[in-house]
Amino acid sequence: MIKPHSKTISAIRSRLLAWYDQNARDLPWRTPPYLSEIDRQSQATNLPGAYHTLVSEAMLQQTQVATVIPYFHRFLDTFPTLKSLAQADEQQVLTLWQGLGYYRRARNLHACANVIMSEHQGQIPHTVDELLKLPGIGQYTAGAIASIAFNQPAPILDGNVIRILSRIFFITDPTDHTPIKKQLWSLAEQLVPETSGRPGDYNQSMMELGALICSPRNPNCNTCPLQKLCKAYADGSPESLPITLPKSKPRPVHHHILAIQHPSKPNTYFFEQRPSTGLWSNMYQLPTLELNHNKDFESDQLITYIQKHLKIKTKNITQLKTFKHQTTHLTITFHLHAITPTSIPTKLKPNTAWRSLTKLTDLPLSNPQQQATKCLSVQ
DNA sequence: AAGTCGGGGGA
DNA sequence: TCCCCAGACTT
C-alpha cells in the first residue's frame with residue numbers, strides 16, 4: 001500500500017484548495033467556495049442544498065457536466081423539493097430524464113426520495129453508511145453527498161480522481177483491477193482532509209482539476225498546481241496514465257419498429273411501455289421486435305408477431321426507413337415499418353396507449369424511439 | 001471479474 | 001473512429 005508522506009498530503013490539500021478557490025466553475029448545484037463559514041454551516045443543515053447535491057450527483061454519473069446542466073434546471077423547476085419528487089409519478093420523472101441516458105438512475109432517484117420521506121423523516125442521511133443503503137447510491141455518490149452537502153471527511157473515487165492519483169503516484173497497473181482500485185480508495189481516504197479542512201471543497205477540487213487541467217489527453221501540466229508533486233509528469237508521459245483494460249466491442253443487432261396507425265384517428269399510433277428491466281427500462285415505445293442476429297426481415301414474421309402479441313390484424317406493411325443507433329454494448333440497426341391495421345381490439349392492455357404524435361410530451365421515449373416518431377410526423 | 005445500462009463530447 | 005464521462009448493479 002502507498003503511504004504518502006504527511007508533507008506530501010498537506011501540500012496536495014493546500015495547493016488544490018487554493019487553486020479551486022481561484023478557478024472553480026460556477027455550477028448551478030455547487031456551494032460557492034466563497035461562502036463564509038456561517039453560511040457553509042447553514043447550508044449543511046439546509047435540505048434544499050443536500051437535495052440539489054443528490055439530484056446533481058445522480059445525473060452526473062457517467063455523464064459530463066455540460067450535458068447535465070440543462071437537465072438539472074428543468075428537473076428542479078418541476079421538482080423543487082425532495083417531497084415534490086417523492087410525490088411525483090415515475091413516468092413524469094422519466095420524461096424529465098428523456099435523452100440523458102441510464103434511465104435506471106431516474107427510477108432509483110425517485111425511489112430514493114420516497115425512502116428518505118418514509119424512513120428518514122424527509123432528511124437526507126449525513127453519513128456514508130446510511131447513504132449507501134439508498135437505491136442508486138454507491139461508494140462514490142455516498143462520499144460525494146456526505147462531503148459536499150454535509151462536509152463529512154468522506155473520500156470519493158471517480159474517473160477524474162483515478163486519473164489524477166494514477167499520475168501523481170505513477171500507478172502503472174490497470175486501474176480497473178480490484179486490488180488497484182482498493183489502493184486508489186486507500187489513497188483517496190488518506191488524502192481527504194478532516195471537516196475543518198473543507199473535505200467537500202477538496203473533493204470537488206480533485207474533480208475540477210481532472211476536468212479542467214488533468215484531462216485524459218493533452219493535460220495542461222503547465223498550469224497544474226500539482227506539477228511539482230506529479231511522478232508521471234517527472235517521467236515525461238502523464239497522458240499515458242491511467243492504464244485501463246480493453247473493452248469489448250458493441251455487438252450488431254436489428255430492431256424492427258412497428259408504427260401501427262389508428263384506423264380512424266389521424267396521425268395516431270400505438271405505444272407500449274417497455275419492461276422494468278433491461279435496456280430503456282419502463283420507457284415507452286412503438287412496438288419493437290428485437291432480433292439478435294442479422295436475419296432478413298420477413299413481413300410474415302412481423303404480421304404474426306403483431307397478431308399474437310398485440311391482437312391487431314393487419315396485411316399491409318411498408319418499410320419506411322432504416323437508421324443506426326449506438327449504445328455502449330450494442331450497434332442497433334432500426335428498421336421502421338408502417339402498419340395499417342384491418343381491425344384493432346376493443347379493450348386496451350395496461351401500459352399501452354393510442355397517442356397522437358402531437359401529444360407525446362408526457363410519454364418518456366428513448367432517443368431512437370423519438371427519432372422514429374419524428375420520421376412519422378414529417379411524412 | 002465481467003456484463004449491462006445511454007448518449008454525447010472531443011480529438 | 002475511439003476513448004471517456006462527478007458509477008451502480010447484476011450475474
Separation of [N] [atom2] from [X] [atom1] (nearest whole Å):
X        : N     : atom1 : atom2 : result
A:Ile162 : C:dG7 : CD1   : P     : 8 Å
A:Leu109 : C:dC9 : CG    : C1'   : 16 Å
A:Met207 : C:dC4 : CE    : P     : 19 Å
A:Lys247 : C:dT1 : NZ    : P     : 19 Å
A:Ile164 : C:dC5 : CD1   : C1'   : 14 Å
A:Glu290 : B:dC5 : CD    : P     : 10 Å
A:Asp176 : C:dC3 : CG    : C1'   : 13 Å
A:Leu209 : C:dA6 : CG    : C1'   : 14 Å

Have a look at [X] and say if it touches a base, only the backbone sugar-phosphate, or nothing, with a 4.0 Å heavy-atom cut-off.
X        : result
A:Glu208 : nothing
A:Arg163 : sugar-phosphate
A:Val65  : base
A:Ser56  : nothing

Summarise how protein sits on nucleotides 6-11 of chain B as a single string, 5' to 3': B when a protein heavy atom is under 4.0 Å from the base, S for sugar-phosphate-only contact, - for no contact. BBBSB-
Would you mind telling me which of A:His254, A:His256, A:Gln319, A:Lys321 makes a side-chain hydrogen bond (donor to acceptor under 3.5 Å, both in side chains) with A:His335?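 Only one of A:His254, A:His256, A:Gln319, A:Lys321 forms a side-chain hydrogen bond (donor to acceptor under 3.5 Å, both in side chains) with A:His335, namely A:His254.
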In Å, rounded to the nearest 0.5 Å, how long is the span from CG of A:Leu131 to CD of A:Gln139?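 A:Leu131 atom CG to A:Gln139 atom CD measures 10.5 Å (nearest 0.5 Å).
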For C:dC5, which nucleotide is its Watson-Crick or G-U wobble mate, given both distances must be under 3.5 Å?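 Check on C:dC5: paired to B:dG7, both distances under 3.5 Å.
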Are a donor atom and an acceptor atom from the side chains of A:Asn108 and A:Arg105 found within less than 3.5 Å of each other?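 No, A:Arg105 and A:Asn108 have no side-chain donor paired with an acceptor closer than 3.5 Å.
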From C:dG7, B:dA2, B:dC5, pick the nucleotide closest to the side chain of A:His329?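 In terms of side-chain proximity for A:His329, the closest of C:dG7, B:dA2, B:dC5 is B:dC5.
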For the pair A:Arg274 and A:Glu290, find out whether any cationic side-chain nitrogen is under 4.0 Å from an anionic carboxylate oxygen.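 A salt bridge links A:Arg274 with A:Glu290.
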Check for me whether A:Arg198 meets the cation-pi criterion with A:Tyr202, that is, NZ or CZ under 6.0 Å from the six-membered ring centre and within 45 degrees of the ring axis.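 Output no; distance or angle outside limits.
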If you measure from the P atom in B:dG8 to the same atom in C:dA8, how many Å do you get, rounded?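 Their P atoms lie roughly 22 Å apart.
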With rounding to the closest Å, how many angstrom separate the P atoms on C:dA6 and B:dG3?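 Roughly 25 Å separates the two P atoms.
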Tell me whether the side-chain N/O atoms of A:Ser248 come closer than 4.0 Å to OP1 or OP2 in B:dA2.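 Negative; the distance criterion is not met.
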Please say whether more than 12 non-hydrogen atoms of neighbouring residues, nucleotides or ligands are located less than 6.0 Å from NZ in A:Lys181.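 Counting neighbours around NZ of A:Lys181, more than 12 heavy atoms of other residues, nucleotides or ligands fall under 6.0 Å, so yes.
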With hydrophobic residues grouped by side-chain heavy-atom distances under 4.5 Å, do A:Met206 and A:Phe170 end up in a single group?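 No, A:Met206 and A:Phe170 fall in different hydrophobic clusters.
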I want to confirm an ordering. Mapping A:Leu330 and A:Pro179 to their closest nucleotides on DNA chain B, which one lands closer to the 5' end?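 Looking at the nearest nucleotide for each, A:Pro179 comes out on the 5' side.
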A:Arg355: partners by salt bridge (Lys or Arg N to Asp or Glu O under 4.0 Å), with sequence neighbours left out: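 Result, salt bridge (Lys or Arg N to Asp or Glu O under 4.0 Å) vs A:Arg355: A:Asp362.
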